[in-house]
Amino acid sequence: METKQWKFKANRVIKPASAFSIARVIADVKANLNESDERPVIPLSIGDPSVFPCFRTDQVAEDAVVEAFTSAQFNGHAPKGGLLQARRSLADHLSSNLPYKLSPDDVYVTAGAKQAIEVVLSSLRLPGANILLPKPGYPAYEALSVIHHLEVRHFDLLQEKDWEVDLNGLQTLADDKTVAMVIINPGNPCGNVYTHDHLKKIAETARRLGILVIADEAYGHLTFGSNLFVPMGQFGNIAPVLTLGSLSKRWMVPGWRLGWIAKSDPDGILEEQGIVESIKRSLMINTEAATFVQAALPHILEKTTDDFFVKTINILRKDADACYEGLKEIPCFTCLQKPQGSLFLMVKLDLSQLQDIKDDMDFCSELAKEESVVLLPGFVLRMENWVRVTFAIEPSLLEDGLERIKAFCLRHASNF
Ligand SMILES: *Cc1c(COP(=O)(O)O)cnc(C)c1O
């Protein structure tokens with residue numbers, strides 16, 4: 001047969017976008033694991049604690065899904081934007097922490113918070129537009145911004161100020177093409193929880209700049225320190241807010257793929273600017289969340305027991321304390337604050353105290369090889385020579401993991 005010149009080629013945007021993929025970097029770190037080590041691998045890199053028995057979701061939530069599933073009433077497609085009963089229950093659930101009431105029209109059901117990010121970013125696409133993202137942050141924003149042709153500009157989170165947004169720096173980054181900023185509260189990857197005051201200042205800054213606030217509350221209510229969780233939607237009268245959330249983290253069921261977008265915009269600015277229309281169109285061309293999980297949502301939101309939430313928070317608090325105290329004892333690490341929320345914290349590596357370790361990736365690779373402990377190198381979060389530690393694992397494994405990290409650091413310590 002003659003040789004044919006095939007015309008199709010790979011999408012050239014996928015490769016640069018996938019550079020911001022936690023899954024890809026973790027796979028690279030794990031490639032160093034030593035199979036002959038008989039000890040269990042300790043995954044201090046994961047964002048999905050549902051694999052640990054101590055974090056099994058509430059029976060009420062499981063029963064609600066089973067009931068919806070076996071009713072045979074939810075085997076069809078759900079309407080775009082979600083089943084009405086799911087939207088109604090979400091609106092009620094989210095309104096309980098807001099100064100005004102959301103209607104079912106203010107919320108959209110998505111396949112996880114991840115799809116909520118995709119839908120919102122795709123609805124903002126404008127020629128030459130840019131978006132302000134936190135550093136460190138959640139890499140999916142960066143990847144999806146690349147795909148949707150939004151130019152990314154990073155503002156700093158200030159470590160010495162409990163990872164608050166550097167609002168002065170942020171204002172110098174913004175220009176007339178800036179359309180939105182993202183905040184993640186409670187914070188992934190820093191485990192911080194913003195105060196009411198700070199959130200208000202963020203809203204005021206967004207108003208001054210004329211931009212939308214995208215509030216990622218994937219870890220909403222997962223707090224265990226002195227700062228309580230305050231939803232960004234409380235400041236929707238200052239600047240329009242799109243809140244993204246999901247069952248994934250608070251209910252520990254990321255595989256159920258149930259998330260949402262909620263608009264807190266009492267003055268109707270998002271409607272006026274055409275964003276609502278754009279979100280609806282984007283939802284029309286996206287896959288909807290599984291219908292039976294949507295159908296179970298009212299039951300899940302209304303009936304999940306306090307016992308479940310309290311138990312989860314208690315384990316997380318204990319884990320966070322143990323992790324913070326354990327890391328403090330390791331000389332090459334600096335961790336200024338004890339985490340107050342989410343499942344993670346960030347530590348800075350002092351490489352001058354270690355021999356033969358080049359950078360954060362090298363540290364994580366060698367640690368995986370020698371101790372079968374997996375950490376996330378900070379570079380993928382734009383924080384070179386930092387690492388992200390997931391403390392949300394079975395407490396006994398966490399203890400073991402910290403011991404192994406300590407042994408590794410002592411073995412590699414420079415002698416001076
Ligand atoms: C996990 C996570 C998401 C995605 O959540 P899903 O509901 O699993 O899609 C979004 N944002 C942040 C900050 C997350 O950590």
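For reference, positions follow the sequence shown, starting with 1. Ligands are counted one by one from 1 in listed order, and the atoms in each one are counted from 1 as well.
When only interatomic distances are considered, the shortest N/O to N/O separation between Ser246 and ligand 1 falls below 3.5 Å. At a 3.5 angstrom cut-off on N or O pairs, Ala113 counts as close to ligand 1.
Numbered from 1 in the order shown, with element, the atoms of ligand 1 that lie under 4.0 Å from a heavy atom of Gly112 read 7 (O), 9 (O). Contact atoms of ligand 1 toward Ile184: 13 (C) (distance under 4.0 Å to a heavy atom of the residue).
Under the 3.5 Å distance criterion, with hydrogens and angles disregarded, a donor-acceptor pair is assigned to the side chains of His154 and Glu142. When only modelled atom types and interatomic distance are considered, Glu67 and His299 share no side-chain donor-acceptor pair under 3.5 Å. When only modelled atom types and interatomic distance are considered, Ser122 and Ser282 share a side-chain donor-acceptor pair under 3.5 Å.
Using 4.0 Å as the threshold, Lys249 has a heavy atom nearer than that to some atom of ligand 1.
Protein heavy atom closest to atom 15 (O) of ligand 1, with residue, atom name and distance, is Tyr219 OH, 2.6 Å.
The closest non-hydrogen atom to atom 11 (N) of ligand 1, taken over Asp48, Asp216, Thr110, comes from Asp216. Of the options Ser248, Pro186, Pro189, Pro139, the smallest heavy-atom separation from atom 6 (P) of ligand 1 is shown by Ser248.
Counting only heavy atoms from C-beta outward, the side chains of Cys364 and Val387 approach each other to under 4.5 Å.
Each of Tyr324, Tyr219, Tyr138 was compared with Phe344 under the ring pair (Phe, Tyr, Trp, His ring centres under 6.0 Å) criterion, and only Tyr219 meets it.
The aromatic rings of Trp163 and Trp386 sit perpendicular, their planes meeting at an angle over 60°, well past the 30° parallel limit.
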